[in-house]
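Treat the numbers as computed from the prediction; the structure is a model and nothing was measured. So that the names make sense, note that chain A is the first sequence line, chain B the second, and so on, each numbered from 1.
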Amino acid sequence: MTSTLRTRFAPSPTGYLHIGGARTALFNWLFARHTGGRFVLRIEDTDQERSTEASTKAILDAMAWMGLTWDEGPFFQAERVGLHRNMVLKLIEEGKAYYCTCTPEALENKRKKALAEGRKPKYDGTCRNKNLKKTPGSVVRFRGAETGVTIVEDLVKGNISFNNEELDDLIIERADGYPTYNFAVVIDDAMMNITHVIRGDDHVNNTPRQILMYQALGFDVPKFAHVPMILGSDKTRLSKRHGATSVMAYKDMGYLPDALVNYLVRLGWSHGDQEIFSLPELVDLFTLDAVGKSPAVFNPEKLLWLNAHYIKEADTRRLLEEMKPLWPAEAKGRDDDFMQKVIADLQPRAKTLVEMASAAGFYFADDVLYDPEAAGKFLTADVADHLKALAASIESVEPFNKEGIESFLKDFIEKRGIKFKAVAQPLRIALTGKTVSPGIDEVMATLGSKCVRERILKAVAWIEMSASTNAS
RNA sequence: GGUCCCAUCGUCUAGUGGUUAGGACGCUGGCCUCUCACGCCGGAAACCGGGGUUCAAGUCCCCGUGGGACUACCA
């Protein structure tokens, strides 16, 4: 026996890792890391119908992306059925479980009838005392207590008590020989020495039955912590119809894992008024008693804000790597040095990496594509001379960086007796084709003097051409 | 229907008997400014209702109400 604290995350591989599961995983991971315990990953794939390997891989990938490293596993529950069966047999021998031959159809009918008549739709105990043998199609049920009270001592909700008579004789082994969730989870958590079960509070109603099984099997009951659910904007359980719920969908949309982690941890957990947390900081600060009891509505805007924050704060070298798969095709072949400058220009105003990539097009274009409306409005005959003069002297700017350009431009407008505003937008269109862009000095410095001169000249040509077209 | 959980601005939350009920997202007015962002300053915006307990209740208790979860041979 070890005295170190152990948590686990036990997703079922029936789809992608979703937001709710990710937060559960995060809490388990943080709690383990904070306490110096161990974090175990177990894949609950006993549903042969719905479990897929692709889902397992997707979940592992998503956890890795978020930085949730596990110390043991992944273990696969389906590979442990022998163990589960032995435990079932043990319970049967001890009279704590029994075979049941009721058909699913018969059960379903009884359930409907009971519901229609306003009675509890729980198992009626038909086979409970028949002392049946195993037969094809038979299942095994746990013999529940008919009296007494079971108390769940929950680390976030406090004590919750249940009358045992409310509890069903639930099926622990299916006709196909596989254990059901409520049984397998108990066996595995016990055998893996899980000390703290942190999971969604949709499991609270299962917990008393599980406690009864721990006791029937002679296992220590772990501590439970049920964290509230994450809801959609209509306050129902978060699902696809509320928008993206897959962790990796956020990666694809250009989110940084730091943002997702930071957002998720603040759903149900807080540390005073603090909003921004790094992972190491969370490991340091996270405790279960700061977890709230009430469910939280998922708010995509706040996540987006956090993402913008982390992009802004990120090291450009890191972004250089993150952005590599995202750049438009024209960016191919550009050196890292140039790309880092592009990133630095765009960083303060991008909310997602995808947005950054799509705003960067003009940096790589051989021919700047003018937004027709912008060009028509700002590339006018009266600015042609200014642009020409600019083109003529721009290559002499030394050094050709933000500061050098700034003072050159200041000098330039003073000499010509104009305001910067008079040429700013025309210049911007010439350089970027758009009315919205990073600062002109930054764009120039990134583009380089040769490119800047060419683009200005091209704008002059465009002005002259459109003037002659209008005249004819 | 039954069981269980939950309840502070639209949303995430701070609050642990005495506060002008704080912060954040979003919204909004202004400043900054070459555009857009960023940033900075300001604003609107909440204790679900009713009873108790107490000198004093967002905070404790009860009852309502509302919302959620579970009620599978899913997990």
[X] [atom1] - [N] [atom2] separation (whole Å):
{"X": "A/Ile160", "N": "B/A69", "atom1": "CD1", "atom2": "C1'", "answer": "12 Å"}
{"X": "A/Glu165", "N": "B/C4", "atom1": "CD", "atom2": "C1'", "answer": "15 Å"}
{"X": "A/Asn109", "N": "B/A72", "atom1": "CG", "atom2": "P", "answer": "14 Å"}
{"X": "A/Asn205", "N": "B/G68", "atom1": "CG", "atom2": "C1'", "answer": "11 Å"}
{"X": "A/Asp345", "N": "B/C36", "atom1": "CG", "atom2": "C1'", "answer": "13 Å"}
{"X": "A/Asp273", "N": "B/G22", "atom1": "CG", "atom2": "C1'", "answer": "6 Å"}
{"X": "A/Leu170", "N": "B/A72", "atom1": "CG", "atom2": "P", "answer": "10 Å"}
{"X": "A/Lys410", "N": "B/U33", "atom1": "NZ", "atom2": "P", "answer": "14 Å"}

Whichever of A/Asp441 and A/Ser294 has its nearest RNA chain B nucleotide further upstream toward 5':
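It is A/Ser294, whose closest nucleotide lies nearer the 5' terminus.
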Closest-nucleotide mapping onto RNA chain B: is A/Gly439 or A/Arg111 further toward the 5' terminus? I mean the 5' end.
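Closer to the 5' end of RNA chain B: A/Gly439.
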Counting only distance, no hydrogens or angles, is the base of [N] paired donor-acceptor with the side chain of [X] under 3.5 Å?
{"X": "A/Glu275", "N": "B/G23", "value": "yes"}
{"X": "A/Asp201", "N": "B/C4", "value": "no"}
{"X": "A/Arg428", "N": "B/C34", "value": "yes"}

Over all strands shown, is [X] touching base, sugar-phosphate only, or nothing at heavy-atom distances under 4.0 angstrom?
{"X": "A/Val139", "answer": "base"}
{"X": "A/Arg119", "answer": "nothing"}
{"X": "A/Thr236", "answer": "sugar-phosphate"}
{"X": "A/Gly268", "answer": "sugar-phosphate"}
{"X": "A/Pro295", "answer": "sugar-phosphate"}
{"X": "A/Lys312", "answer": "sugar-phosphate"}
{"X": "A/Cys100", "answer": "nothing"}
{"X": "A/Asn206", "answer": "base"}
{"X": "A/Ile440", "answer": "base"}
{"X": "A/His203", "answer": "base"}

When rounded to the nearest Å, what value does the distance between [atom1] atoms of [N] and [M] take?
{"N": "B/G23", "M": "B/G15", "atom1": "P", "value": "15 Å"}
{"N": "B/C41", "M": "B/C47", "atom1": "P", "value": "27 Å"}
{"N": "B/C12", "M": "B/A69", "atom1": "P", "value": "15 Å"}
{"N": "B/G68", "M": "B/U28", "atom1": "P", "value": "30 Å"}
{"N": "B/C40", "M": "B/U54", "atom1": "P", "value": "49 Å"}
{"N": "B/U11", "M": "B/U53", "atom1": "P", "value": "33 Å"}
{"N": "B/A46", "M": "B/G10", "atom1": "C1'", "value": "10 Å"}
{"N": "B/G51", "M": "B/C70", "atom1": "P", "value": "36 Å"}

Would you please confirm or rule out a distance under 4.0 Å between OP1 or OP2 of [N] and any side-chain N or O of [X]?
{"X": "A/Ser270", "N": "B/C12", "result": "no"}
{"X": "A/Lys235", "N": "B/U11", "result": "yes"}
{"X": "A/Arg199", "N": "B/A75", "result": "no"}
{"X": "A/Lys293", "N": "B/C6", "result": "yes"}
{"X": "A/Lys421", "N": "B/U35", "result": "yes"}

Under 3.5 Å for both donor-acceptor distances, Watson-Crick or wobble: does [N] have a partner, and if so which one?
{"N": "B/G1", "result": "B/U71"}
{"N": "B/G66", "result": "B/C6"}
{"N": "B/C60", "result": "B/G52"}

Consider side-chain contact (heavy atoms from CB on, under 4.5 Å). Of A/Val221, A/Val185, A/Leu170, A/Ile187, which one does A/Met213 pass it with?
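Output: one option passes, namely A/Leu170.
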Pick one: which of A/Val423, A/Leu409, A/Val452 meets side-chain contact (heavy atoms from CB on, under 4.5 Å) with A/Leu390?
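Running side-chain contact (heavy atoms from CB on, under 4.5 Å) over A/Val423, A/Leu409, A/Val452 with A/Leu390 returns exactly one hit, A/Leu409.
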Nearest-nucleotide pick for [X], side chain only, options being [options]:
{"X": "A/Leu115", "options": "B/G68, B/A24, B/G1", "value": "B/G1"}
{"X": "A/Asp47", "options": "B/U35, B/A75, B/C6", "value": "B/A75"}
{"X": "A/Glu301", "options": "B/G1, B/A75, B/C25", "value": "B/C25"}
{"X": "A/Lys120", "options": "B/U71, B/G2, B/A75", "value": "B/G2"}
{"X": "A/Phe162", "options": "B/C4, B/C70, B/C73", "value": "B/C4"}
{"X": "A/Asn299", "options": "B/U71, B/G2, B/G10", "value": "B/G10"}
{"X": "A/Ile171", "options": "B/C73, B/A75, B/C12", "value": "B/C73"}
{"X": "A/Gln425", "options": "B/G2, B/C34, B/C70", "value": "B/C34"}
{"X": "A/Val436", "options": "B/A75, B/C12, B/C36", "value": "B/C36"}

Hey, do the aromatic rings of [X] and [Y] have their centres closer than 6.0 Å?
{"X": "A/Phe298", "Y": "A/His242", "answer": "no"}
{"X": "A/Tyr181", "Y": "A/His203", "answer": "yes"}
{"X": "A/Tyr255", "Y": "A/Tyr310", "answer": "no"}

A/Trp269 vs A/Phe277 aromatic rings, parallel, tilted or perpendicular, using cut-offs 30° and 60°?
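Because their plane-to-plane angle is over 60°, the rings of A/Trp269 and A/Phe277 count as perpendicular.
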Check the pair A/Phe408 / A/Phe400 against ring-ring contact (aromatic ring centres under 6.0 Å, His included), numbers first and verdict last.
CA-CA 10 Å; A/Phe408 163 77; A/Phe400 201 80; 8.5 Å; no
Can you tell me if A/Glu108 has over 12 outside heavy atoms packed within less than 6.0 Å of its CD?
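Yes.
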A/Gln425 and A/Arg428 side chains, donor-acceptor separation under 3.5 Å:
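Yes, A/Gln425 and A/Arg428 have a side-chain donor paired with an acceptor closer than 3.5 Å.
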